[in-house]
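The chains referred to below are lettered A, B, ... by the order of the sequence lines, with proteins before strands, and numbering in each begins at 1.
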Amino acid sequence: MIIVANVLIGAGLFFLAVSTFALLIMPDLYTRAHAVAKSETLALILLFGGVLFRPELDVPAVGRLLFILAVSVIANPTAVHALLRASHRSGALPWTVVDQRIADAELGRYQP
Amino acid sequence: MSPFIVFALLVVAILIAVALYRVWAGPTVFDRLVAVALVSVNGVVVIVLLGVALERPNLFFDIALGFASLAFLLPIALGRYFEDRDDGTSQDGHPSASGRPQPLGIVPHGWVADRGRRENLRRAERSGVHLPAPSDPDDPGPVPPAEGRGPQVPLDGPDDGEGRS
């Protein structure tokens with residue numbers, strides 16, 4: 001039982017690391033938030049699912065944890081969506097091929 | 001206190017430190033807010049794992065529930081607050097953060113949103129990239145930089161009103 005819990009917690013940590021490093025390496029807000037919102041939601045499901053199998057939890061704690069999981073899974077993508085909608089209405093445009101070309105040229109990697 | 005939970009807590013602490021780089025680097029307010037949302041999710045994870053590690057799950061899960069609810073409200077409220085339409089109003093029609101003149105003055109103009117195309121044209125002129133117009137078969141080549149004025153040609157060709165129904 002505790003093996004299952006630790007494996008699930010480890011998988012959740014992996015996806016949390018994926019979302020954090022996507023925050024560093026993606027080129028603009030929209031790609032970044034795309035990667036972050038999805039993988040952090042999956043990481044929460046895996047992590048809390050793993051914590052459910054820990055022997056420290058009793059029945060009320062399991063109920064509370066499931067409630068936190070429901071709130072978080074609904075709330076996190078909603079919050080990121082609200083941020084992206086505000087950014088889009090503020091006039092920020094998504095990353096395109098042209099932006100990639102300009103970035104490559106600034107790094108000296110673009111051959112016209 | 002199982003050693004695996006302590007290891008997981010250390011990993012999440014490192015991830016919070018890494019995500020705080022994006023809060024520091026920006027470049028816009030919304031970048032920072034997305035990073036703050038991720039940091040607060042990591043904070044909820046830290047509280048839940050602490051409850052397991054200290055064997056007081058009921059106490060810590062209540063705290064985590066309150067923290068998760070507040071972390072949900074913060075990006076939504078601040079996203080609506082920093083929203084900045086072209087006419088200088090926010091979603092509710094009130095003057096927004098950039099809105100010329102800036103009513104609150106706490107956020108510099110470029111921090112809200114870099115208005116993509118103009119900035120891209122400036123960067124393209126600076127780095128000498130040839131940006132072909134997609135609907136132009138005989139493209140005249142790179143646009144020479146205008147003297148003392150902004151860029152003359154939009155990035156996707158002159159807007160002749162066609163192609164939109």
Enquirer: Only one of A:V80, A:T20, A:N76 passes side chain to side chain contact (heavy atoms under 4.5 Å, CB included) with B:L38; say which it is.
Expert: A:T20
Enquirer: Kindly compute the distance separating CG (B:D31) from CE (A:M26), expressed to the nearest 0.5 Å.
Expert: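 The CG atom of B:D31 sits 13.5 Å away from the CE atom of A:M26.
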Enquirer: Between B:L78 and chain A, which part of the residue has a heavy atom less than 4.5 Å away: side chain, backbone, both or neither?
Expert: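 For B:L78, no heavy atom lies under 4.5 Å from chain A.
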Enquirer: Please report the interatomic distance CG(A:L66) to CZ(B:F61), rounded to the nearest 0.5 Å.
Expert: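 So the CG of A:L66 and the CZ of B:F61 are separated by 10.0 Å.
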Enquirer: Any chance you could measure B:N42, atom CG, to A:L16, atom CG, to the nearest 0.5 Å?
Expert: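 That separation rounds to 4.5 Å.
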Enquirer: Could you check which of B:V39, B:V52, B:I76 has the highest count of heavy-atom pairs closer than 4.5 Å to chain A?
Expert: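 Highest number of pairs under 4.5 Å: B:V52.
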Enquirer: Given heavy-atom pairs under 4.5 angstrom as the criterion, report whether the side chain, backbone, both or neither of A:L47 touches chain B.
Expert: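 Just its side chain gets close to chain B.
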Enquirer: Treat each ILVMFWY residue as a node, draw an edge where side-chain heavy atoms are under 4.5 Å apart, and state whether B:L65 and B:L70 are in one component.
Expert: no
Enquirer: Below 4.5 Å from any heavy atom of chain B, which atoms of A:A75 appear? Answer side chain, backbone, both or neither.
Expert: both
Enquirer: Below 4.5 Å from any heavy atom of chain A, which atoms of B:V11 appear? Answer side chain, backbone, both or neither.
Expert: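 Side chain only.
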Enquirer: How long is the span from the CZ atom in B:F30 to the CG atom in A:L29, to the nearest 0.5 Å?
Expert: 8.0 Å
Enquirer: At a heavy-atom distance under 4.5 Å, which candidate from B:G51, B:A71, B:A37, B:P57 has the highest pair count against chain A?
Expert: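 The option with the most such pairs is B:P57.
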Enquirer: Identify which of B:A25, B:S69, B:A8 forms the greatest number of heavy-atom pairs closer than 4.5 Å to chain A.
Expert: B:A8
Enquirer: Pick whichever of A:R54, A:R32, A:E40 has the most heavy-atom pairs under 4.5 Å with chain B.
Expert: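 Heavy-atom pair counts peak at A:R32.
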Enquirer: In terms of hydrophobic clustering (I, L, V, M, F, W, Y; side-chain heavy atoms under 4.5 Å; direct or indirect links), are B:V23 and B:V45 co-clustered?
Expert: yes
Enquirer: Closest approach of B:L15 and A:L13, non-hydrogen atoms and distance?
Expert: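 Scanning both residues completely, I find the closest heavy atoms to be CD1-O, 4.4 Å.
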Enquirer: Please name the pair of heavy atoms, one in B:F72 and one in A:A79, separated by the smallest distance, quoted to 0.1 Å.
Expert: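 So the two residues come closest at O-CB, 4.2 Å.
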Enquirer: Within the 4.5 Å heavy-atom criterion, are B:V18 and A:F21 side-chain neighbours or not?
Expert: yes
Enquirer: For A:S72, is it the side chain, the backbone, both, or neither that has a heavy atom closer than 4.5 Å to a heavy atom of chain B?
Expert: side chain
Enquirer: Of the listed residues (A:G63, A:A37, A:P60), which shares the most heavy-atom pairs with chain B below a 4.5 Å separation?
Expert: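 Answer, by heavy-atom pair count under 4.5 Å with chain B: A:P60.
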Enquirer: Can you tell me how far CG of A:L83 sits from CG of B:L74, rounded to the nearest 0.5 angstrom?
Expert: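 Atom-to-atom, B:L74:CG and A:L83:CG are 8.5 Å apart.
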Enquirer: Which heavy atom of B:A64 sits nearest a heavy atom of A:I68, and at what distance?
Expert: CB-CD1, 3.8 Å
Enquirer: Could you walk me through whether A:F48 and B:V44 pass the side chain to side chain contact (heavy atoms under 4.5 Å, CB included) test, one step at a time?
Expert: CA-CA 11 Å; A:F48 288 176; B:V44 174; 4.0 Å; yes
Enquirer: Distance from A:E56 atom CD to B:I5 atom CD1, nearest 0.5 Å?
Expert: 7.0 Å
Enquirer: Under 4.5 Å between side-chain heavy atoms, hopping through other hydrophobics if needed: is there a path connecting B:L73 to B:V29?
Expert: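 In one cluster with B:L73: B:V29, no.
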Enquirer: Pick one of side chain, backbone, both or neither for B:V48, based on which atoms fall under 4.5 Å of a heavy atom in chain A.
Expert: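 It is the side chain, since no backbone atom gets that close.
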Enquirer: Between A:L23, A:V71, A:V62, which shows the greatest number of heavy-atom pairs under 4.5 Å with chain B?
Expert: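 Highest number of pairs under 4.5 Å: A:L23.
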Enquirer: Step through the shown structure and confirm whether more than 12 heavy atoms of other residues, nucleotides or ligands are within 6.0 Å of CD1 on A:I3.
Expert: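 No - once you tally the heavy atoms of other residues, nucleotides and ligands closer than 6.0 Å, there are 12 at most.
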Enquirer: For chain A, find which of B:P75, B:G79, B:A53 contributes the most heavy-atom pairs closer than 4.5 angstrom.
Expert: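 When all of B:P75, B:G79, B:A53 are compared, B:P75 has the most.
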Enquirer: Is there a chain of hydrophobic side chains (I, L, V, M, F, W, Y, each step under 4.5 Å between heavy atoms) that links B:F67 to B:L59?
Expert: yes
Enquirer: Would you mind checking which part of A:L44 comes under 4.5 Å of any heavy atom in chain B, side chain (CB onward), backbone (N, CA, C, O), both or neither?
Expert: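 Side chain of A:L44 only, per the 4.5 Å heavy-atom cut-off to chain B.
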Enquirer: Do A:I2 and A:V51 belong together in a cluster built from hydrophobic side chains that touch within less than 4.5 Å?
Expert: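 As far as the 4.5 Å side-chain criterion goes, A:V51 and A:I2 are not connected within one cluster.
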